[in-house]
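Keep in mind the model is a prediction, meaning the values are calculated, not measured. Every chain is numbered from 1, with letters handed out A, B, ... down the list of sequences.
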There are 2 protein chains.
Amino acid sequence: MLSYTEENYLKALLMLSFQNEERPEAGTNEMAAYLGVKPATATDMLKKLKEKELVTYQKYGKILLTELGREKATAILRKHRLWETFLYEKLDFSWDEVHEVAEQLEHIQSEKLVNKLEEFLDFPEFDPHGDPIPKANGDIPAIDKVLLSEVTAGEVCKVVAVKDTSAVFLQYLEKLNITIGTKFKVLEVIDFDGSLSIQIEKEEPRSVSMKFAESLFVKR
Amino acid sequence: MLSYTEENYLKALLMLSFQNEERPEAGTNEMAAYLGVKPATATDMLKKLKEKELVTYQKYGKILLTELGREKATAILRKHRLWETFLYEKLDFSWDEVHEVAEQLEHIQSEKLVNKLEEFLDFPEFDPHGDPIPKANGDIPAIDKVLLSEVTAGEVCKVVAVKDTSAVFLQYLEKLNITIGTKFKVLEVIDFDGSLSIQIEKEEPRSVSMKFAESLFVKR
DNA sequence: TACACAAGTTAGACAAGTCTAACAAATATT
DNA sequence: AATATTTGTTAGACTTGTCTAACTTGTGTA
């Protein structure tokens, strides 16, 4: 049985491993920063996780989830995303409100609850932010996506996920009438600052920043 | 902000106060037993709760929730019973499975979540065990109920709640085809051992023990 | 290659919640 | 009323997760 805190460390490591699929190892400071604790605290916890064979690492080395650790972490992520979907779909929470509550709900221990919840939601594949929801067996649905910043002028694409899930960004998207599924055409890419001009069907063209384009995943 | 543990102590005190409405004070040992901790542990926590003005008590005296403590405890009970209802109604959990998971869910912190959940469930007044669900303002719906053991021969009554919520009892009820709303007639009360003979509409008469009769609430 | 800085660890402390063992107060019994 | 029993408290210890401050290791650059 894992403690609430141990679960958070595992999930953090899994999330960090997604940030750079080719280099899935994390550093102590990186992990501490992600969780909002001091590096010393992270080191202590690392020893414990290593003891339980949930991570592999040696002093001053990189941290990697073991197969077991990855399984546990994936199960937590599954719960997190299912709860987010529940809050969004059934309880009318908005895009930017679901995360905080799901952070708590993800720690509820009940196999049955998760699976019943998934069934109740009709086996969703993606959460409200477009992120894939791991299946009960640990499989993670694949999705064909690229950052908007990689799209070239003239292409038409559809929003499939957000990279940045901060409230400010999500609220900005809402204001722009952009949500998962929105289609638009990239009219122009400005080399100078990386900004681009996009046109949502039947709307006026609109200019968005490079930062914006690096926060949104689309399907070409 | 209350810790998970503090919340449990408050809820325990509220539950104990219900056990004997005229004498709502609790003792240290009683409280410790309810929570499954040692009396020494309960004493320590009591000091903390007193410090926070959630209970009134003095050394070697009885424990009583303050107005504030009662409010907090009621809010937790509200969450507990709403979650139980959710699990039972929406996720097909059985009568005897809901409690354990609700014990965890009741600690989730989100005003919005509770209220949205209540709305989603269509403002239920009673949980799957027939217990009243406190309203957002703290009001607790009243219910007209007596223990089955107080009913005399010849009376017809309807099951409105269970006093004992243990899995064994609930499963036994299920086997007997008795649930909230079931109507039956009390045919005979045996003075010798307090057992009684009941007849559910269109079923054969059946004998139940005194213990059984003291575990079920009915409306005459 | 040597040094400086970044990254990571250790030691010692603290708060929360728990325990056991010993003690004190209150209540019940004869 | 004296004593026995129950009830409750205190003291001291342990665990978990956190911190700060000081130290060690690794690495990039001049």
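A distance of 6.0 Å or more separates the ring centres of A/H99 and A/H129. The distance between the ring centers of B/F212 and B/F169 falls below 6.0 angstrom. In summary, the aromatic rings of B/Y4 and A/Y4 are positioned with their centroids too far apart to meet the 6.0 Å limit.
B/E97 and B/S94 share a donor-acceptor pair across their side chains, judged by distance under 3.5 Å alone. A donor-acceptor contact closer than 3.5 angstrom links the side chains of B/T152 and B/E155. A side-chain N or O of B/N8 and one of B/H107 form a donor-acceptor pair less than 3.5 Å apart.
Note: CD (B/E51) to P (C/dA15) measures 14 Å, nearest angstrom. Across the protein-nucleic acid pair, B/I63 atom CD1 and D/dT9 atom C1' stand 12 Å apart, rounded to whole Å. What separates CG of B/L46 from C1' of D/dG8 is a distance of 10 Å, to the nearest Å. Going from atom CE of B/M31 over to atom C1' of C/dT18 covers 14 Å, rounded to whole Å. D/dT7 atom P lies 8 Å from atom NZ of B/K62, rounded to whole Å. Taking atom CG of B/N29 as the reference point, atom C1' of C/dA26 lies 12 Å away to the nearest angstrom. The separation between A/M1 atom CE and D/dT16 atom P is 15 Å, rounded to whole Å. Atom pair B/K50:NZ and D/dT9:C1' shows a separation of 13 Å (rounding to whole Å applied).
A/T28 comes within 4.0 angstrom of the backbone, heavy atoms only, and of no base. The residue A/Y4 sits apart from the nucleic acid: no heavy atom pair falls under 4.0 Å.
Nearest approach of A/K135 to A/R78, heavy atoms of both residues: C-NH1, 3.4 Å.
Look at B/Y57 and you'll find a side-chain N or O under 4.0 angstrom from OP1 or OP2 of D/dT9. Taking 4.0 angstrom as the limit, A/K59 places a side-chain polar atom (N or O) nearer than this to OP1 or OP2 of C/dT10.
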When you compare the protein's N or O atoms with those of nucleotides 18-23 of chain D, which come within less than 3.5 Å of each other, and at what distance?
unit_1: D/dT18; atom_1: OP2; unit_2: A/Y9; atom_2: OH; d: 3.2
unit_1: D/dC19; atom_1: OP2; unit_2: A/K38; atom_2: N; d: 3.0
unit_1: D/dC19; atom_1: OP2; unit_2: A/T41; atom_2: OG1; d: 2.5

